[in-house]
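Heavy atoms only: backbone and side chains are in, while hydrogens, waters and symmetry mates are out.
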Amino acid sequence: MTEYLLADMVWWEGHLRPGAPSPGSAVSSAPLTSPPGPAVDAPAPDPFTRVAIRVDDAGHPSLVPISEVSEPSGVRRLPGTLLPGLVDAHVHSALVDLGTLRAGGLAGVWDLGGVPAQLRALAGQPGLPRMRYAGPFLIPPGGYPSDRAWAPRGSWREVQSEADAAEAVGEVQACGASLVKVTAHAGGPLLAQSTLSAVVDAAHSAGLPVVVHAEGPGTVAAALAAGADWLAHTPWTEELDAGLVRDCAARMGWISTLDIHGWGTPTPAQQTALHNLRLFLGAGGRVRYGTDLGNGPLPPAINPREVRALQAAGLSPHDVLAAMTEPGAVSWIPGGLDLDPGRFADVLATARVLDDAVRPRPHG
């Protein structure tokens, strides 16, 4: 059944829009002639019109004018702010509890390397975040992470040669993956450039984007030359050449993972990553929020330290939300979104996944 969600405010497509304020709420008398929060340039219709979220029979949410909501049946009213689902784009579900992540506010995750059968079994389970996954790491023979204790057997697939690339990608696709993950770790064996390029070409022919773990000298340039779509981490081992960063900004996106460098304690690696990310963003690059959950003492939830690090790299609160949200689900901030830069991260960490169990106040 189609359902309409009403809240005090709705953040959608780069704008904080007025919703259907609860009687007596602080925003119930807000004028519609001025924006309720800082505006950004975005291809969004009339950010001053009151809006609701329509969830269709398949569970897909979309923004609609509140004038479309005419009947009290099928309407849910909530305090606070609604927004598209908050997603962590770098998770390893073999190393974390996905139910805990959902309880911590994550509506979706990208699993970037694991045992295919286990990932397939987790995807779509009720009570867990929505998951897109890459299946096994595609690696050179003997390459990273096959030499790491944290990587379970079966979580990687060695690509023997350029001729083997299409078969490897076919196996990834057959396990239900919607991403391909490749490693380029300069501390051990590396795929030949021709083999890496063949993997990317095969993935693109199958309609799958490619995420590369690029670590060490030359690996970012190799990923770029191969045509990779994403880097799994903001590069942190060295300050990149400005020209290389500009080329990256034009042709690929980066996943942030800034908090793995120190877990809240400043480190040289994090400073290098921030330097590279500032250059990348300044050149117009796209960044996704991702934390590499499973790698050290990261909070199993929305990570305010990662959010603050993205702000330190130059992202506004609106930019951070754009980097964190996907439209397949709905998240909810019960106390309302706060776009003040100093409070934003901690308030965002209070977000929860909106599901049928969340019914704090009946309509009417």
Check: According to the ring-ring contact (aromatic ring centres under 6.0 Å, His included) rule, which pairs have a member within residues 276-315, sequence neighbours left out?
Finding: Trp254-Phe280

Note to self: Could you check whether Thr291 and Asp88, counting side-chain N and O atoms only, form a donor-acceptor pair closer than 3.5 Å?
What the structure shows: yes

Next item on the list: Would you confirm whether Ser155, through its side chain, and Val115, through its main-chain N or O, come within 3.5 Å as a donor-acceptor pair?
Entry: no

Notebook entry, point to check: Looking only at heavy atoms, which two atoms of Ala226 and Leu196 are closest? And how far apart?
Noted result: CB-CG, 3.7 Å

Next item on the list: For the residue pair Asp292 and Thr257, confirm or rule out a side-chain donor-acceptor distance under 3.5 Å.
Entry: no

Checklist line | Ring-face cation contact, Trp110 with Arg132, 6.0 Å cut, 45° max | finding: yes

Checklist line | Glu215 versus Thr237, closest heavy-atom pair with distance | finding: CG-CG2, 3.9 Å

Item checked: Residues His213 and Thr183: side-chain donor-acceptor under 3.5 angstrom -> no

Note to self: Would Phe137 and His185 count as a ring pair (Phe, Tyr, Trp, His ring centres under 6.0 Å) here? Give the steps.
What the structure shows: CA-CA 12 Å; Phe137 298 88; His185 190 299; over 10 Å; no

Margin query: To check you understand the geometry: which heavy-atom pair defines the closest contact between Ala309 and Leu274, and what is its length?
Written below: O-CD2, 3.5 Å

Margin query: Please tell me whether Asp164 and Ser161 have a donor and an acceptor in their side chains that are separated by less than 3.5 angstrom.
Written below: no

Notebook entry, point to check: Side chains of His204 and Asp229: is there a donor and an acceptor less than 3.5 Å apart?
Noted result: yes

Next item on the list: For a salt bridge (Lys or Arg N to Asp or Glu O under 4.0 Å) with Glu3, tell me which candidate from Arg54, Arg76, Arg77 qualifies.
Entry: Arg76

Checklist line | Salt bridge present between Asp346 and Arg305 (N-O < 4.0 angstrom) | finding: no

Margin query: Here's one to test your reading of the geometry: is the NZ or CZ of Arg148 within 45 degrees of the ring axis of Trp156 and under 6.0 Å from its centre?
Written below: no

